[in-house]
Amino acid sequence: MTAEPSQNPRPATLAPTVPGPFDRELCELVLDTAPRLFAVVQVCGNSPADADGWVVAWGLVDDDGPTHVISVDGQARMTLASPERALRHFAGRPGITSRLVWLAQPGAAGLDRAEAA
């Protein structure tokens, strides 16, 4: 059995360990165009002392695009005109209200998963 030459016209090369200018530019692009992330939470209780809350869905929204929402159990997926529209779908039973909780804008981006964690 003889090894055949690779059909790939480009030889494999290792990625640089130090990000170059283009890599930094890509990370800046990602930060500038990242959608906003929010949670839809349900809250019950008559006062802050006896209140309880839980996350029922996560959503993404662009400045000029639709809102995408998925329930935490994965059973509901929606594309809506605005994040506030998701509140209607998760209003729940009497005594339970829905609220949006926004995550802060990210301040850093990385090219690999460990770097971004």
Side-chain angles (χ1 to χ4, degrees):
M1 178 177 208
T2 60
E4 294 184 27
S6 171
Q7 300 298 318
N8 186 353
R10 294 182 172 176
T13 59
L14 295 175
T17 56
V18 177
F22 180 71
D23 291 343
R24 285 190 294 274
E25 205 171 303
L26 284 177
C27 289
E28 289 173 15
L29 173 68
V30 167
L31 289 172
D32 290 343
T33 61
R36 294 290 314 270
L37 180 63
F38 64 92
V40 179
V41 297
Q42 288 182 330
V43 178
C44 69
N46 295 324
S47 69
D50 70 344
D52 193 11
W54 53 92
V55 176
V56 292
W58 288 99
L60 292 171
V61 63
D62 280 323
D63 289 335
D64 58 353
T67 298
H68 302 282
V69 179
I70 183 168
S71 62
V72 293
D73 64 5
Q75 297 297 310
R77 295 172 188 246
M78 296 170 256
T79 301
L80 305 165
S82 71
E84 291 75 20
R85 297 264 178 148
L87 297 177
R88 293 184 212 173
H89 296 278
F90 295 98
R93 299 176 304 270
I96 296 177
T97 59
S98 296
R99 297 173 59 184
L100 298 179
V101 177
W102 293 90
L103 270 64
Q105 285 287 81
L111 296 174
D112 64 47
R113 188 176 187 161
E115 185 181 332

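When a residue number appears, it is its place in the shown sequence, counting from 1.
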For this session: Output all residues satisfying ring pair (Phe, Tyr, Trp, His ring centres under 6.0 Å) with W102, sequence neighbours left out; order by chain, then residue number.
Result: F38

Look at the side-chain heavy atoms of Ile, Leu, Val, Met, Phe, Trp and Tyr, link any pair under 4.5 Å apart, and say whether [X] and [Y] land in one connected group.
X	Y	result
L60	L103	yes
M78	V61	yes
L111	V30	no
L37	V101	yes
I70	V56	no

Exercise. Which pairs with one or both residues in residues 26-38 pass side chain to side chain donor-acceptor pair (under 3.5 Å), sequence neighbours excluded?
Worked result: R36-Q105

Please tabulate, one pair per line, all N/O donor-acceptor pairs under 3.5 Å involving side-chain atoms of residues 80-95, not counting sequence neighbours.
none

Exercise. Sequence neighbours excluded, which residues qualify as side chain to side chain contact (heavy atoms under 4.5 Å, CB included) partners of D73?
Worked result: S71, Q75

For this session: State which residues pass side chain to side chain contact (heavy atoms under 4.5 Å, CB included) with V55; sequence neighbours excluded, sorted by chain then number.
Result: A39, V41, W58, V72

Exercise. Which is it for V40 and L100 under the side-chain contact (heavy atoms from CB on, under 4.5 Å) test, yes or no, and what are the steps along the way?
Worked result: CA-CA 5 Å; V40 179; L100 298 179; 4.0 Å; yes

For this session: Among Ile, Leu, Val, Met, Phe, Trp and Tyr joined by side-chain contacts under 4.5 Å, find the other residues sharing a cluster with L31 and list them by chain and number.
Result: none

